[in-house]
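Have a look at the structure below, then the notes.
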Amino acid sequence: MKIRDISRMAWEQVKRRKVVTGLCMTGISIGCAAIIVALSVGQSAQVYVTEQVNQSFKMDEIMVSPGGGIPSNGKGGSGGGGSGEVNENLDPGKLTDQKLKIIQGLNHVKAASPFQEAGYLQLVTIDNKIADVRIIVADLQMLTEYDHKFKQGGANGQPGTIVLNYGATLGLIDLETRQKLYESMGNDPFNQDIQEQYRKLSVQPSELYRKQIQIQAQDYSTTTPATKLSSPLQVGGILEGAKGIDDMQASYDKIMYISPETAAQLSKELVFDNSTTSVLNLPEEGSYNAVTVKVDDVANIKSVEQMIQKLSLNAQDNLFQQEMLKEQFDMIKMAALGIGVFILIIASISIIVAMTMSTHQRRRQIGIMKVLGANMGQIRNMFITEAALLGLLGGLLGVLFSYLIVMGLNKLVGSAGDGMNFFIPPMNLPIGMSFAIMTGVLSGIYPAISASRTDALTAIKRD
């Protein structure tokens, strides 16, 4: 018999025995759908969590800071000559302009710019609204290179011009209202009305674009706290809020970006009479305490990081977050795969039982086929083909079930207000189908061998 004849006879048997076919297909389809859905849910969750992590931890960025060494005090060595060389040798881990230019010239580096934490101060508007902000000294022209997008305005780089993140425009409250609210919360911390008022004020937006603001510093080292205000600064741009972050979360992270020229100006203005140092935490001129490096591809992170470390600098990436997530989700996928395989094993038992019963019922047919010249291999192949067809049909039904289940999960999650979206990667479909067909074939081997060993004359005489 030709392969076409074997396939046709197997298909006729599958169509004729509707109840057995339906039961076998149901078992295989449930196992196939379990594998596809379990893998898809794991991958969907991995994509969702990775996106959330990427919003806080950029995977294509390296944070560079000064490395080890004996810190120098800026004084010359003995003999009065070569003081620059001595200091550089004593402090090899210093992050200098020269090292920054070397990093900017490395292969696969898209951008390298200082982002220096200068401390927390208070932002004061012209209508006396106040908020605590984090000051970051950076090249304002480079913000867009680090995936920042402007909601309003832009960065012109002029001294006295600043850029605010979206969170810095939320929750600005005048000092009197602020003190009263804090006192009320302290006196009655469980009052729901006060809590709701605080939440509303925390996300109340203020129009700050092209407005003038001042930086306020306070000195608590004296019995009567002293206050200093900077000269007016112009808000030249406001950044967009991060995706997936609501206004309440954004209001907790208020950032003001200032240029190095503006930082130098503020460091002179914000010095109290009883101190010789500025309230801004800035490194000495020509050096940096932090540089962020943008790499063209995540695959090149490690190689760039190694080259930076050769400059006696500390380099740290966020890939460990991704690796931790990968390990966790790999375990989830393996567990899900195990559940699906277990269901398929149960389904394979039902196929073995059904096809063994079919072999017993079809003894006469097998005997006649042998008398007409069919050999053991052809009969065995017919039964294995029949089992493979059951696996194929069960797999197709399982694919349909898996899409229906994922649609139901998306509706359920959507009604709960979560931003997560489940999807079925195309690669999961052949995996589920392969398991279904393999289950059918393996389950059909024993009944096929049993059928091929049936004695023709005995089978015909009995029936």
Side-chain angles (χ1 to χ4, degrees), residues 3 6-48 329-359 380-415 420-448:
I3 296 176
I6 293 174
S7 301
R8 182 176 54 80
M9 292 180 67
W11 176 246
E12 290 298 328
Q13 289 298 323
V14 168
K15 288 196 300 181
R16 188 172 64 84
R17 297 181 300 114
K18 293 182 176 60
V19 176
V20 175
T21 299
L23 291 173
C24 294
M25 282 176 56
T26 302
I28 293 177
S29 64
I30 293 173
C32 176
I35 290 176
I36 294 175
V37 171
L39 291 176
S40 300
V41 168
Q43 288 172 306
S44 301
Q46 183 175 359
V47 169
Y48 175 75
F329 283 109
D330 282 346
M331 292 175 61
I332 294 173
K333 289 177 187 177
M334 291 302 294
L337 191 63
I339 294 171
V341 169
F342 175 75
I343 295 174
L344 284 177
I345 290 173
I346 302 300
S348 69
I349 294 173
S350 66
I351 295 175
I352 293 172
V353 172
M355 293 201 68
T356 302
M357 290 175 62
S358 174
T359 303
R380 185 168 57 244
N381 290 339
M382 184 184 71
F383 275 83
I384 291 177
T385 303
E386 188 177 328
L389 283 173
L390 288 174
L392 176 63
L393 293 174
L396 292 174
L397 188 60
V399 170
L400 178 62
F401 283 166
S402 63
Y403 275 102
L404 293 175
I405 293 170
V406 167
M407 287 173 59
L409 287 174
N410 281 327
K411 287 184 179 180
L412 183 64
V413 172
S415 63
M420 186 173 176
N421 181 52
F422 294 105
F423 64 95
I424 297 179
M427 196 60 178
N428 288 355
L429 300 181
I431 293 175
M433 290 292 296
S434 299
F435 271 99
I437 295 172
M438 183 178 65
T439 301
V441 171
L442 294 177
S443 303
I445 291 176
Y446 171 75

G395 to A436 - nearest heavy-atom pair and separation:
CA-CB, 3.7 Å

With side chains defined as the heavy atoms from C-beta onward, is the minimum distance between L396 and M433 less than 4.5 Å?
yes

Which distance, rounded to the nearest 0.5 Å, do you find between the CD1 of I437 and the CG of L390?
11.5 Å

So, taking the atom named CG in L412 and the one named CE in M407, what distance separates them when rounded to the nearest 0.5 Å?
13.5 Å

Could you pull out the closest heavy-atom pair between S434 and P430, with the gap in Å?
OG-O, 2.6 Å

To the nearest 0.5 Å, how far apart are CG in L409 and CG in N421?
10.5 Å

CD1 on I384 to CG on L442, rounded to 0.5 Å
9.5 Å

Can I get a per-line list of side-chain donor-acceptor pairs under 3.5 Å for residues 28-41, giving both atom names and the distance, sequence neighbours left out?
residue, atom, partner, partner atom, Å
S29, OG, M25, O, 3.0
S29, OG, T26, O, 2.7
S40, OG, I36, O, 2.7
S40, OG, N428, ND2, 3.0

Residues two or more places apart in sequence or in another chain: which of them pass side chain to side chain contact (heavy atoms under 4.5 Å, CB included) with F423?
S44, V47, P425

Please report the closest heavy-atom contact between V399 and L429, naming both atoms and the distance.
CG1-CD2, 3.9 Å

Over all atoms of both residues, closest heavy-atom pair of N410 and F422:
OD1-N, 2.7 Å

